[in-house]
Amino acid sequence: QVQLVESGGRLVQAGGSLRLSCAASGRTASRYTMGWFRQAPGKEREFVAAISRSGVSTDYADSVKGRFTVSRDNAKNTVYLQMNSLKPEDTAVYYCAQASTVWLVTTETQYYYWGQGTQVTVSS
């Protein structure tokens with residue numbers, strides 16, 4: 001069993017930065033690909049970023065490329081999402097998830113464990 005707890009979400013002005021953290025518990029936490037997804041009000045949940053178990057490989061949604069950076073510290077069982085140059089359209093609940101594979105994947109159905117989410121609000 002794996003538990004994921006996100007933190008770091010808050011209200012921030014456009015152009016600002018935030019770093020989200022996802023603390024994972026469970027002995028398999030560091031063995032799989034980890035991802036970040038987000039869900040804005042009235043919209044479906046969407047992929048944001050993914051990172052391989054080693055941290056060497058990453059993937060990003062086009063909407064966040066160049067602004068967001070995903071990283072992980074396996075010694076701390078923690079995954080991070082550094083978000084820079086935030087825009088109002090980045091406002092959403094951000095979810096951390098653990099994939100059921102070691103491959104870099106971007107679809108929800110390939111992620112098995114999910115956190116409860118953390119709210120990010122970007123004001124204009």
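What you see is a predicted model; the values in this text were computed from it and never measured. The basis for the numbers below is simple: all heavy atoms, side chains too, and nothing from hydrogens, waters or symmetry mates.
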Heavy-atom side-chain contact between Leu81 and Arg38 under 4.5 Å: no
Gln39 atom CD: more than 12 heavy-atom contacts under 6.0 Å: yes
Leu18 side, atom CG; Asn84 side, atom CG - distance, nearest 0.5 Å: 9.5 Å
Geometric class of the Phe37/Tyr111 ring pair [parallel <30°, tilted 30-60°, perpendicular >60°]: perpendicular
Minimum-distance pair of heavy atoms, taken over all atoms of Asp73 and Tyr80: CB-CE1, 4.2 Å
Atom pair CG (Asn74) and CZ (Arg31), whose distance is rounded to the nearest 0.5 Å: 11.5 Å
Backbone of Val102 reached by a side-chain donor or acceptor of Arg53 within 3.5 Å: no
Distance, nearest 0.5 Å, that separates CZ of Phe68 from CG of Leu20: 8.0 Å
Check: Thr91 side chain, Val122 main-chain N or O, donor-acceptor pair, under 3.5 Å: yes
CD/Glu46: more than 12 non-hydrogen atoms of other groups inside 6.0 Å: yes
Aromatic ring pairing Trp114/Tyr95, orientation class (parallel under 30°, perpendicular over 60°, tilted between): perpendicular
Among Gln119, Glu6, Met83, side chain to side chain contact (heavy atoms under 4.5 Å, CB included) partner for Tyr94: Met83
Hydrophobic cluster identity match, Tyr112 and Val105, side-chain contacts under 4.5 Å: no
Single-linkage hydrophobic cluster Met34~Tyr113, side-chain heavy atoms < 4.5 angstrom: yes
Nearest-0.5 Å distance, NZ of residue Lys65 to OH of residue Tyr60: 10.5 Å
Any residue meeting salt bridge (charged side-chain N to carboxylate O under 4.0 Å, His left out) with Arg45, in chain and number order, not counting sequence neighbours: Glu108
Gln110 side, atom CD; Phe47 side, atom CZ - distance, nearest 0.5 Å: 10.5 Å
Straight-line distance of Ser30 OG to Lys76 NZ, nearest 0.5 Å: 15.0 Å
Hphob cluster co-occupancy, Tyr32 + Leu4, side-chain heavy atoms under 4.5 angstrom: no
Contact summary for Ser123 and Leu11, nearest pair of heavy atoms: CB-CD1, 4.2 Å
Minimum heavy-atom distance between Ala14 and Ser124, given as atom pair plus value: CB-CA, 4.3 Å
hydrophobic_cluster_shared for Val2 and Ile51, side chain cutoff 4.5 Å: yes
Shortest non-hydrogen contact between Gly9 and Val120, atoms and distance: CA-CG2, 4.0 Å
Thr33 side chain to Trp103 backbone, donor-acceptor under 3.5 Å: yes
Name of the residue among Cys22, Ser21, Cys96 meeting side chain to side chain contact (heavy atoms under 4.5 Å, CB included) with Ser7: Ser21
Carboxylate-amine/guanidinium contact Asp90 Lys87, below 4.0 Å: no
